[in-house]
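Please read these numbers as outputs of a predicted model, since none were measured by experiment. When a ligand or atom number is given, it counts from 1 through the structure's own listing order. Sequential numbering from 1 along the given sequence is applied to the chain's residues.
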Amino acid sequence: MKADVLVVGSGIAGCAAALAAAREGADVLVITKATEPEDAASDWAQGGIAVTQSAPEEFAADIRRASDGTADPEAVETLVSESRAVVEDVLLDTLEVEFDAVGDGTDADADADTFDLAREAGHSSRRILHVDASTGAHVLRPFLQHLSARDGVRIVEDAMALDLLTEEGTVRGATVLADGEVEPVFAGATVLATGGIGDCYARSTNPTGATGDGVAMAALAGATVSDMQYVQFHPTAYDPRTDPRADDGAQPFLVSEAVRGEGAVLRDADGRRFMPDVHEDAELAPRDVVARAVSRARDRTGRVVLDVSDLDFREEFPDLAALCDDCGVDLDAGIPVAPSEHFLCGGVAVDDRGRTSLSRLFAAGECARTGVHGANRLASTSLLEGLVWGVRAGETAADRGRGEAETVEYAPPRDSDPALPDAFADTKFDRLGRTMDEFVGIERAPDGLDTARARLRRLKGEVDAYARTRVSRSIYELRNACVSSLLVARAAADAPSAGCHSLVDPDEREGGERDEGGEDSDDPGQGVTPSADD
Ligand code: SIN
């Protein structure tokens, strides 16, 4: 197969890149592992999309503050200044997304008059467009429908990009596994939009299949990867393990920050509200601060609940109330919560047009490190970042790739083995998740990181040995998850604490505050050119 632009992934960033490239007249091929919209993390996004209102400088300041002072100011400026236009163009005019609305046409602030703007942790004002607490699904589904009907865009589902095809440092497409066959796709430009690394951890808010594919493929091809130590944990995922009423088989799910934005508070097992002692913004402190405090309160007292008694939870969050009912949660007793892996702030290093360090290779969305988030992402900026960088990467990739797809030599595929026992991969994923949770989680000790790296290297060696003779989706996902995990562990061992990367002495754990005034830091991250061997 050939295409001007190959897009790998079908979340919001992949969709935005495909739309933008097609608008520029490129022939676009989207390859996605997904078979349903909910296979992409974008579909699971609850909170919403932060947009610039009357005070863009305040929005930018909130992003920088949440990032512990490490966000790249130019990247933040790009995101903030483009937010309004891209939301209007793509989401309102093209996809006709119906965000929750209020107002009677009399408010001087046009947005506040039109939309029911939400507030989340770290935001100094209400600026978040949303649809109940299931914004992602209301954006991604119409996006996929729009692209499916659009000339110039082909979408191949249930297909996995395995490796980038490179020729003298230039990326020329990728090998793809579909229907049990490995085939090359030659492309003038390739955009990675493969999402995050949730499967590297035992507990994540991501859908299954978030195996760091784009990060690993890019790293193995020699692209620069940065800020991998910044793995964000969401403070409030429902925790069936500490819910005495949890139904059998109840699964963790995200409880949006918007719930705290509307007044819910966190209490430990003794009923004590602990966040006011940790940060002046209490439950609305930056996400890394709240996540650490929840983790420590759980360790101290055994359990943390989100107390929703001060809001009309059922009225304001009907989707979440339904999820709680499905799991048997007693809302009067509060929702038992625990931090859970949520978002990778680092990734494949890109510039303001989504260009990576390799020629003809672009990245957007969670797999890309744009610099916007620095060490910790502000709530409800991930869909926005996927949109802004997806559009920019798609336009630039179209420019670079139109009429440029070329056949190149590539290593012939090994036999694919659809019958490969998934049990092999399941066992290894289990080991991987336990290692990452124990040693590369919300707080990391230097000797724990050494242990993790040794274990991860061993694991990757076993996976590589298997993969040398057989090709299957689960083996490649495992390889990618191992590579991504090694990159996280290595970056974490080499970097000082900032934002969601917290190095600790295990004997000296206290409240959950940030260590020192990170606002002064001028280092947005360390470039890493990784190898397959760490
Ligand atoms: C949430 O709704 O709490 C998640 C929003 C986000 O991750 O930006």
Indicate yes or no: does an N/O atom of [X] lie under 3.5 Å from an N/O atom of ligand 1?
X      : result
Ser382 : no
Glu120 : no
Val255 : no
Gln46  : no

For [X], counting its heavy atoms only, list the atoms of ligand 1 lying under 4.0 Å from any of them.
X      : answer
His234 : 1 (C), 3 (O), 4 (C)
Ala379 : 8 (O)
Glu257 : 1 (C), 2 (O), 3 (O)
His342 : 4 (C), 6 (C), 7 (O)

Taking the side chain as every heavy atom from C-beta outward, state whether [X] and [Y] have any atom pair closer than 4.5 Å.
X      : Y      : value
Thr370 : Thr78  : no
Asn206 : Glu341 : yes
Trp44  : Leu254 : no
Ser204 : Asp199 : no
Leu478 : Thr211 : no

Between Thr52 and Val80 (side chain of the first, backbone of the second, donor and acceptor by atom type, cut-off under 3.5 Å), is there such a pair?
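Yes; at least one donor-acceptor contact below 3.5 Å.
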
Nearest protein heavy atom to [atom], by residue and atom, and its distance?
atom                   : result
atom 6 (C) of ligand 1 : Arg287 NH2, 3.1 Å
atom 8 (O) of ligand 1 : Ser380 N, 2.6 Å
atom 2 (O) of ligand 1 : Ser256 OG, 2.7 Å

Ligand 1 contacted by Gln232 (non-hydrogen, < 4.0 Å):
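Contact check Gln232 vs ligand 1: negative.
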
Taking the ring centre of each residue, are Phe233 and Tyr201 less than 6.0 Å apart?
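So the answer is yes for these two rings.
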
Test salt bridge (Lys or Arg N to Asp or Glu O under 4.0 Å) applied to Asp307 and Arg272, Arg273, Arg260, Arg267, the passing residue:
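Single salt bridge (Lys or Arg N to Asp or Glu O under 4.0 Å) partner of Asp307 among Arg272, Arg273, Arg260, Arg267: Arg267.
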
